[in-house]
2 protein chains.
Amino acid sequence: MFQLDLLSRTPVYEQIINQLESFVLNDILTPHTQLPSVRGLSVELSINPNTIQKSYSELDHRGIIYSVPGRGCFISEDAKSILSNLSRSKLSSLEDLFSELKVAGVTKDEIKTIVDSVYEKGAKL
Amino acid sequence: MFQLDLLSRTPVYEQIINQLESFVLNDILTPHTQLPSVRGLSVELSINPNTIQKSYSELDHRGIIYSVPGRGCFISEDAKSILSNLSRSKLSSLEDLFSELKVAGVTKDEIKTIVDSVYEKGAKL
DNA sequence: TGTGTGTACTATGTCACATAGTACACCAAA
DNA sequence: TTTGGTGTACTATGTGACATAGTACACACA
């Protein structure tokens with residue numbers, strides 16, 4: 001389920017967060033779905049349980065998941081809407097990215113072509 | 001000339017690299033222009049000379065600048081073309097970004113509007 | 001000769017990240 | 001009740017990137 005890159009500059013605990021959040025956005029993980037246990041996932045990914053714990057703790061803090069003592073962790077009801085709002089806020093950063101492409105000689109049509117191709121396709125992952 | 005964010009996760013030496021490269025792309029720094037000295041810039045930015053040295057060393061390795069022993073560092077002839085080609089290669093990552101915005105409920109028109117606004121304006125910085 | 005330039009090197013400190021190990025409280029099933 | 005699985009909390013340790021501190025050397029130019 002999770003794919004880690006131990007050589008990446010992105011911390012492992014953050015890679016787990018990012019991937020889990022993308023699963024939520026793509027409806028692969030829906031509200032009240034139980035997550036893998038801290039210990040179970042640590043064995044599967046061959047990393048320390050504390051690292052998983054750190055990821056889950058942060059996700060809980062963001063309201064993406066909730067934990068039930070003695071039971072496990074689950075996707076929260078509002079997970080997707082929270083993440084959707086966050087993603088929308090990334091719209092503003094597009095301006096900087098496009099500016100960079102512009103000075104590099106990329107035309108607006110090239111960008112728009114990519115936009116169209118993404119929105120024609122079905123769900124991607 | 002340079003603006004540092006010491007709280008950023010991005011290393012200082014990398015912030016310097018990024019900003020200098022953006023200056024080149026925006027024709028603020030042109031070929032054979034002399035860069036601030038390692039010691040001078042370290043005083044101006046209140047950071048260690050070795051940090052500047054690391055930035056310059058990496059820029060030299062990328063072919064963005066060249067150093068003349070005893071004279072100083074200068075913008076290389078091919079600096080802009082090198083960086084332009086690198087920026088163009090970022091086009092491919094647009095697909096992933098747009099996919100994320102799509103699942104978040106952002107419409108294609110919203111994106112295209114931003115594209116147009118950027119390409120209408122003059123140089124940004 | 002003197003000053004400013006890039007370059008190289010070792011040593012040190014700090015911090016995020018990850019690991020290791022232990023312990024406790026809770027829930028559910030046997 | 002007992003047992004095993006769950007989340008949670010805590011301390012200690014190791015590692016590596018990053019930055020600093022200090023020194024030293026070779027080169028160019030006035």
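So you know, we letter chains A, B, ... as the sequences are listed, proteins then strands, and number each from 1. Please read all numbers here as calculations on a predicted model, not as lab measurements.
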Options [options], nucleotide nearest the side-chain atoms of [X]:
{"X": "Arg9(A)", "options": "dG7(D), dC17(C), dC18(D)", "value": "dC18(D)"}
{"X": "Asn48(B)", "options": "dT19(C), dT20(D), dA28(D)", "value": "dT20(D)"}
{"X": "Asn50(A)", "options": "dA18(C), dA20(C), dC26(C)", "value": "dA20(C)"}
{"X": "Val38(B)", "options": "dC18(D), dG6(C), dC27(D)", "value": "dG6(C)"}

Are the side chain of [X] and the backbone of [Y] linked by a donor-acceptor contact shorter than 3.5 Å?
{"X": "Ser87(A)", "Y": "Ser84(A)", "answer": "no"}
{"X": "Ser46(B)", "Y": "Ser42(B)", "answer": "no"}
{"X": "Ser89(B)", "Y": "Leu86(B)", "answer": "yes"}

Below the 4.0 Å mark, does [N] have OP1 or OP2 next to a side-chain nitrogen or oxygen of [X]?
{"X": "Ser67(A)", "N": "dT8(D)", "answer": "yes"}
{"X": "Tyr13(A)", "N": "dC17(C)", "answer": "yes"}
{"X": "Thr51(B)", "N": "dT20(D)", "answer": "yes"}
{"X": "Ser37(B)", "N": "dT5(C)", "answer": "yes"}
{"X": "Lys54(B)", "N": "dC18(D)", "answer": "yes"}

Without decimals, in angstroms, what is the distance between [X] [atom1] and [N] [atom2]?
{"X": "Ile16(B)", "N": "dA19(D)", "atom1": "CD1", "atom2": "P", "result": "8 Å"}
{"X": "Tyr66(B)", "N": "dT5(C)", "atom1": "OH", "atom2": "P", "result": "16 Å"}
{"X": "Ile52(B)", "N": "dA19(D)", "atom1": "CD1", "atom2": "P", "result": "10 Å"}
{"X": "Gln15(A)", "N": "dA18(C)", "atom1": "CD", "atom2": "C1'", "result": "13 Å"}
{"X": "Gln34(B)", "N": "dG4(C)", "atom1": "CD", "atom2": "C1'", "result": "10 Å"}
{"X": "Asp60(A)", "N": "dT8(D)", "atom1": "CG", "atom2": "C1'", "result": "11 Å"}
{"X": "Leu41(A)", "N": "dT6(D)", "atom1": "CG", "atom2": "C1'", "result": "14 Å"}
{"X": "Leu4(B)", "N": "dC18(D)", "atom1": "CG", "atom2": "P", "result": "15 Å"}

Does the base of dG4(C) carry an N or O that pairs as donor and acceptor with the side chain of Arg39(B) under 3.5 Å?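 Answer is no: no donor-acceptor pair is held.
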DNA chain D: 5'-proximal contact among Pro49(B) and Pro36(A) (nearest heavy atom):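 The residue mapped nearer the 5' terminus is Pro36(A).
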So which one's nearest nucleotide on DNA chain C is more toward 5', Thr10(A) or Ser57(B)?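 Looking at the nearest nucleotide for each, Ser57(B) comes out on the 5' side.
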Heavy-atom side-chain proximity of Leu101(B) to Val118(A) below 4.5 angstrom: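 Side chain of Leu101(B) against side chain of Val118(A), heavy atoms only: no contact under 4.5 Å found.
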Where does the angle between the aromatic ring planes of His32(B) and Tyr66(B) fall among parallel (under 30°), tilted (30 to 60°) and perpendicular (over 60°)?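 Perpendicular: the ring planes of His32(B) and Tyr66(B) meet at over 60°.
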